[in-house]
Amino acid sequence: MQTKILAKEELSLAISALRNGNVVAIPTETVYGLAARLDNETAIEKIFYSKQRPQDNPLIVHIASMDMVADLAVDIPKSFYQLADAFFPGPLTLVLRKNPLVSDQITAGQSTIAIRMPYHELARKIIEKVGVPLVAPSANLSGKPSPTTSLDVYEDMKGKIPYIVEGGRSTCGIESTIVDLSSDQPRLLRPGSITKKEIEKVLQSSLEKPLPNVTVPGMKYRHYSPTAKVLLFDDFMNLLDYEKTSSKKKVILSQKEGHTPFSATNIFSLFRIADRMKIEEILIDCSEVIEEGLINRLTKASSQ
Ligand code: TXA
Ligand code: MG
């Protein structure tokens with residue numbers, strides 16, 4: 001199969017392909033997603049297959065309007081509407097109790113469902129025109145850094161899907177914040193560019209960590225990792241000492257002058273560039289304050 005990157009003038013090709021049960025990569029403000037309509041089992045199977053994603057890792061359902069929520073979830077708490085009011089459309093995913101009519105294939109047999117309304121105009125336009133919500137994981141091969149440009153997607157999905165919709169560089173650069181509202185106590189499952197504090201301010205209550213005895217499927221897999229080894233340093237002097245002793249092909253990411261500056265916006269891009277350059281070690285200077293979404297991705301990328 002040939003994979004074509006579509007300009008926004010060619011959007012109708014992507015829309016008909018999705019309507020007809022194909023998988024298409026679409027841009028969002030967080031990262032690119034690998035989308036299929038939520039009511040087509042064969043298309044959803046193709047998502048798992050193309051990404052080499054474990055079957056027990058559930059998918060996020062992407063909506064274009066609030067009326068799409070009613071068919072997806074039950075027992076919707078007030079907190080959902082408060083957070084949706086404040087942050088939809090935007091880089092926030094909310095987990096609710098699932099409507100039993102939604103296929104278990106999407107939620108990996110869980111009794112909950114993750115819902116998000118993307119801010120990216122093309123993403124919402126595509127969902128609206130297809131007419132049903134789209135399920136979409138990040139459009140990378142499992143275990144690789146999430147894609148933030150159409151070329152990143154092309155690198156991982158070439159020959160596997162018909163279309164990638166060009167939507168420019170994803171402005172957030174890391175995946176959405178995920179908050180679980182399916183029980184009485186709201187929990188932060190994945191930090192992102194909408195911060196814990198911002199969410200707590202709207203809820204007027206504190207967000208807890210995920211329950212330790214419950215495995216959130218997505219948390220048990222290694223994520224976001226470049227092939228290069230990622231090493232974090234709290235002390236810049238230690239980083240420089242290490243640099244002198246290692247004979248590996250290296251790059252230093254640091255806000256200090258003379259080095260490559262990094263942020264949530266460009267971190268996955270930098271990981272991919274390092275791999276293309278066959279860099280063996282990425283040394284990251286964490287001596288300055290780093291936002292929660294970014295430090296979470298760095299920690300995951302550095303853990304073996
Ligand atoms: O920003 C994003 O969220 C991007 C864009 C494309 O929307 N999507 C994304 O999807 O990051 P994915 O599949 O790469 O990550 C979704 C995470 C996984 O860790 C999955 O386990 C978790 O969300 N998840 C999905 N449904 C869940 C549920 N019902 N309960 C708990 N976690 C869930
Ligand atoms: Mg992902």
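Both counts, for ligands and for their atoms, begin at 1 and track the order of listing. What you see is a predicted model, and the numbers here were worked out from it, not measured in a lab.
- Residue contacts with ligand 1 do not include Lys98, since none of its heavy atoms lies under 4.0 Å from the ligand.
- Taking the charged nitrogens against the carboxylate oxygens, Lys51 and Glu45 have no contact shorter than 4.0 Å, which rules out a salt bridge.
- Scanning for side-chain hydrogen bond (donor to acceptor under 3.5 Å, both in side chains) contacts around Glu280 gives an empty result, with sequence neighbours left out.
- Ligand 1 is never approached by Thr107 to a heavy-atom distance shorter than 4.0 Å.
- With hydrogens and angles ignored, the 3.5 Å screen pairs no side-chain donor or acceptor of Glu281 with any backbone N or O of Val230.
- Between Arg190 and ligand 1, an N or O atom pair is found at a separation short of 3.5 Å.
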| request: Would you sort out whether Phe236 and His259 count as a ring-ring contact (aromatic ring centres under 6.0 Å, His included), showing the intermediate values? | output: CA-CA 12 Å; Phe236 190 60; His259 300 288; 5.6 Å; yes
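- Some N or O of Arg53 is nearer than 3.5 Å to an N or O of ligand 1, by distance alone.
- Contact annotation: for Ile178 versus ligand 1, heavy atoms closer than 4.0 Å belong to the side chain alone.
- Numbered from 1 in the order shown, with element, the atoms of ligand 1 that lie under 4.0 Å from a heavy atom of Asn57 read 18 (C), 20 (C), 21 (O).
- Within ligand 1, counting atoms from 1 as listed, the ones closer than 4.0 Å to a heavy atom of Ser176 are 1 (O), 2 (C), 3 (O).
- Remark: ligand 1 atoms within the under-4.0 Å shell around heavy atoms of Gln110 are 28 (C), 29 (N), 30 (N).
- For ligand 1 and Thr30, the ligand atoms under 4.0 Å from any heavy atom of the residue are 1 (O), 2 (C), 4 (C), 5 (C).
- Listed by number with element, the atoms of ligand 1 under 4.0 angstrom from any heavy atom of Pro137 are 10 (O), 12 (P), 13 (O).
- Under the 3.5 Å distance criterion, the side-chain polar atoms of Lys158 are left unmatched by any main-chain donor or acceptor of Thr3.
- Within ligand 1, counting atoms from 1 as listed, the ones closer than 4.0 Å to a heavy atom of Glu175 are 1 (O), 2 (C), 11 (O).
- Ile295 is not connected to Leu231 by any chain of hydrophobic side-chain contacts under 4.5 Å among Ile, Leu, Val, Met, Phe, Trp and Tyr, and they are in different clusters.
- The distance from ligand 1 to the heavy atoms of His62 drops below 4.0 Å at these ligand atoms: 5 (C), 6 (C), 7 (O).
- Within the coordination shell of the Mg ion (ligand 2), defined by N, O or S atoms under 2.8 Å, Ser142 is absent.
- Backbone and side-chain nitrogen or oxygen atoms of Thr112 are examined, and one is located within less than 3.5 angstrom of a nitrogen or oxygen of ligand 1.
- Salt bridge annotation for Lys144-Glu155: absent, with no cationic side-chain nitrogen under 4.0 angstrom from a carboxylate oxygen.
- Note on Lys125 versus Glu121: no salt bridge recorded, every NZ/NE/NH1/NH2 to OD/OE distance being 4.0 Å or above.
- Under a hydrophobic-cluster definition in which Ile, Leu, Val, Met, Phe, Trp and Tyr are linked whenever side-chain heavy atoms come within less than 4.5 Å, directly or via other members, Leu134 and Ile63 are assigned to the same cluster.
- When non-hydrogen atoms are compared, ligand 1 lies under 4.0 Å from the side chain of Arg116 (C-beta onward) but not from its backbone.
- Heavy-atom contacts of Ala114 reach the following atoms of ligand 1: 25 (C), 26 (N), 27 (C), 29 (N) (cutoff under 4.0 Å).
- Remark: Asp75 pairs with Arg97 by the side-chain hydrogen bond (donor to acceptor under 3.5 Å, both in side chains) rule, at least two apart or across chains.
- Polar contact with ligand 1: absent for Lys51 (N/O pair, distance under 3.5 Å).
- Side-chain heavy atoms closer than 4.5 Å link hydrophobic residues (I, L, V, M, F, W, Y) into clusters, and following such links, even through other members, never connects Ile279 to Phe233.
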